[in-house]
Amino acid sequence: MSQILSYTTDVLIHYGTGFWSYTDPRSEHLPMMKTPLPVLAIVAGYLYFALSLGPRLMRHREPFKLDKAMLVYNAVQVLWCAYLIKECFRLGWGSTYSWLCEPLSKTSLPSDYEAAHTVWLYFILKIVDLLDTAFMVLRKNFRQISFLHVYHHTAMVIAMWIAVKLCPGGHHTFLGFQNCIVHCLLYGYYFVSLVEPRVKSAWWKKYITLIQMVQFGVNVVHELSPFLIPGCDVDRRIGAAIIAQNICMLAFFGEFYHKNYYTKQGRNKDN
């Protein structure tokens, strides 16, 4: 664990100035990759709207009925994630990539540029994900805007911008590949629950949260493998940061699961 913390510190120190001065040559031409200012502005605007402006604007208004807009949004999410899964499978994880140690390519082949573009599309999807919170605000579902929710969305936007800028390909893209699979299930569930509201109380709903928790655990194991394989030329500093982030998310989601399913089930039995 001390080695992981050391690598995490290296990421913050050595890559801090790199955000301004360096971009991978295969992603430097993509929008918003020159400086962090655009993405920081987006995150700041998101936090201000979610935590301050939005609730104030909705304080004396009736909740908006956004079912049709959300049906379209959830369908777009599923299709976008499905496309990224296909691209990840085609460009690496279903063909040439090693599941245990996949160094970042140092070539400039067309497939490298395609991989960089795919990682960038995933980053853009994380920005689109911020609409989740906007819908909650406009529908006055403020209880759902928890620390976990806001932290997760904010962290993903920033982390994926870093990924596009510094490592748009290779071992660490497994996180996005796996996340898209999970989000296909998640937004598919949201879509179905809008069509058939009874699904919201289905007995299997809790397993969606469990699948998300498994996702974080698998990410930790996958990012640990370069530490255990001698000579594996994967940037362990980024791996350490991903491990730390996913351990945090596993703890947060575990607390959420315990509070919303385990504790409630115990109360229902007592009643």
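On a predicted model such as this, the values are computed, not experimentally measured, just so you know.
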Presence of salt bridge, Glu114 and Arg90, under 4.0 angstrom:
yes
Which atom names give the shortest non-hydrogen contact between Ser27 and Pro168, and what distance separates them?
OG-CG, 4.0 Å
Specify the closest pair of heavy atoms between Trp99 and Trp93, including all atoms of both residues, with the distance to one decimal.
CZ2-O, 3.1 Å
Measuring from Glu102:CD to His222:NE2, what's the distance to the nearest 0.5 Å?
9.0 Å
SG-SG distance between Cys101 and Cys232 under 2.5 Å?
yes
Mind telling me whether Phe147 and Tyr151 have parallel, tilted or perpendicular rings, with 30° and 60° as the class edges?
parallel
Within the 3.5 Å criterion, strictly below it, is a donor on Asn246 or Gln215 matched to an acceptor on the partner's side chain?
no
Would you give the length of the straight line joining atom CD of Glu255 to atom CG of Leu250, rounded to the nearest 0.5 angstrom?
12.0 Å
Is the closest side-chain donor-acceptor distance between Tyr73 and Asp132 under 3.5 Å?
yes
Side-chain donor/acceptor of Trp161 to backbone N/O of Met32, under 3.5 Å
yes
To the nearest 0.5 Å, tell me how far Phe177 CZ sits from Tyr122 OH.
12.0 Å
Sub-3.5 Å donor-acceptor pair from the side chain of Thr118 to the main-chain atoms of Glu87, do we have one?
no
Tyr46-Thr154 side chain donor-acceptor pair, cut-off 3.5 Å
no
Look at Asp233 together with Lys106 and state whether they make a salt bridge at an N to O cut-off of under 4.0 Å.
yes
Rounded to the nearest 0.5 Å, how far does OH of Tyr187 lie from CG of Asn74?
7.5 Å
Donor-acceptor pair, side chain of Lys140 and main chain of Met58, under 3.5 angstrom:
yes
Tell me, please, which residues at least two apart from Thr107 pass side chain to side chain contact (heavy atoms under 4.5 Å, CB included).
Ser105, Leu109, Asp112
Tell me yes or no: between the side chains of Thr133 and His153, is some donor less than 3.5 Å from an acceptor?
no
Side-chain donor-acceptor pair present, Asn260, Lys205, cut-off under 3.5 Å:
no
Rounding to 0.5 Å, atoms CG (Leu100) and OG (Ser225) come to a distance of 5.5 Å
One should read off an interatomic distance between Asn219 CG and Phe174 CZ, to the nearest 0.5 angstrom, of 6.5 Å
To which residues is Leu185 joined in a hydrophobic cluster, defined by side-chain heavy-atom contacts under 4.5 Å among Ile, Leu, Val, Met, Phe, Trp and Tyr, whether direct or through other members?
Val182, Ile211
Ring-plane angle category for His152 and Phe253, please: parallel below 30°, perpendicular beyond 60°, tilted otherwise.
perpendicular
Do His183 and Gln77 meet the criterion of a side-chain donor-acceptor pair at a distance under 3.5 Å?
no
Gly170 versus Thr173, closest heavy-atom pair with distance
O-OG1, 2.7 Å
